[in-house]
Amino acid sequence: MVGHAHHHCHILIKAGGADSAFRVRGEQAPLTDDLAVLVNAWEHHSYEHTKPNERTLILALYIEPAWLAEIQRSLALSGHPRFFPQTTVPLKSATRKNVEEFVLELWWADEVSPRRLEHLLFELIIEVIEKCSGWRDLSSLLKSRPPASMDPRIRQAIALMKQDVAREFDIDALAQKTGLSRAHFFTLFQRHTQVTPQVYANVLRFETAVKRLTQGREAVGDIAHDLGFSEPSHFARFFRAHLGITPTDYRRAVNLFEPPPGSEELL
């Protein structure tokens, strides 16, 4: 997968196959039977093909702060850019068993209630993060929270990017609209968001795709067109580069877990 970021923090656990690795914070983070990889919100990361001829099955848990906060209020801070102080965490044998149980339940999700899977997911997340994150130490996280204020020119740039995620990204035009030189815009944007303008634009496009694939009933080809892709195959490559699977496979998996009311199979 290409280098990218998300507004969620997430946990990457090896569910089967060969050992592998991710690159997080510019360093290699091994993904093994005994080590999970931790990525903070907006932290740039990429998958490393350490063994190109061997496959790895990865359980990727993307943590939505609002969802966790509904269950336990203090976990709203999972969106903090320093929620995880390290890039890997050892997995206990008990946690490995819970991973296996969760993957089994997920595989047969058409026979298990979403409520049951949600409970298993929350328990698994807590087991992994409870000793490696600062979620219990709220005061220190709040003190280290980045300033809420952002340069108004960067806020304006982000607003313009959100207005039309399908538009081909043009850093020169965006810098001009915010009254900055290209170099100053790039530096200021990265300082405030922790990622480059191009990565941020890709995040907006990708997350819009995920939302529409998950919540809507539109054909994948129509979504691809609306997001500015000239061909569905280009959209499929973009989506696969960010998540590791095609849009169609993603939608099929989501529909197994929680199909839209009255939906048919959507391809």
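The stretch residues 174-187 participates, sequence neighbours left out, in these side-chain hydrogen bond (donor to acceptor under 3.5 Å, both in side chains) pairs: Asp172-Arg182.
Shown here for Asp33 and Arg96, the closest heavy-atom pair between the two residues is O-CD, 3.0 Å. Minimum interatomic distance between Lys14 and Asp19 (heavy atoms only, all atoms of both residues): NZ-OD1, 2.7 Å. The nearest pair of heavy atoms linking Ile171 to Pro197 is CD1-CG, 4.0 Å. The heavy-atom pair separating Ala21 from Pro30 by the smallest distance is CB-CA, 4.1 Å.
A single hydrophobic cluster is seen to contain both Leu61 and Val89, as judged by linkage of ILVMFWY side chains at heavy-atom distances under 4.5 Å, directly or through other members. Under the 4.5 Å side-chain contact rule for hydrophobic residues, Ile58 and Leu35 do not share a cluster. Hydrophobic clustering, with ILVMFWY side chains joined whenever heavy atoms are under 4.5 angstrom apart, groups Phe185 together with Val195.
Taking 4.5 Å as the limit, every side-chain heavy atom of His4 sits out of range of all side-chain heavy atoms of Asn202. When side chains are defined from C-beta on, Phe189 counts as touching Thr193, because their heavy atoms get closer than 4.5 Å. Residues Val37 and Ile11 are not in side-chain contact: their nearest non-hydrogen atoms beyond the backbone lie 4.5 Å or more apart.
Lys97 contributes atom NZ, which lies 6.0 Å from atom OG of Ser93 (distance to the nearest 0.5 angstrom). If you take CZ on Arg25 and OG1 on Thr87, they are separated by 6.0 Å, rounding to the nearest 0.5 Å. Atom CG of residue Leu12 and atom NE2 of residue His45 lie 6.5 Å apart, to the nearest 0.5 angstrom. In this structure, CG in Leu204 is found 6.5 Å from NZ in Lys162, a value given to the nearest 0.5 Å. In this structure, CG on Leu57 lies 11.5 Å from CD1 on Ile13, to the nearest 0.5 angstrom. How far OG1 of Thr196 is from CZ of Phe169: 7.5 Å, rounded to the nearest 0.5 Å.
Arg23 places no side-chain N or O within 3.5 Å of a backbone atom of Ser46 that could act as its donor or acceptor partner. Checked by atom type and distance alone, the side chain of Thr56 pairs as donor or acceptor with a backbone atom of Ala18 at under 3.5 Å.
The aromatic rings of Phe239 and Phe235 lie perpendicular to each other, with more than 60° between the two planes, well past the 30° mark.
A cation-pi arrangement, defined by a distance under 6.0 Å to the six-membered ring centre and an angle within 45 degrees of its axis, is present between Arg205 and Phe229.
Look at Asp151 and Arg191 and you find no salt bridge, because none of the NZ, NE, NH1 or NH2 atoms lies under 4.0 Å from a carboxylate O.
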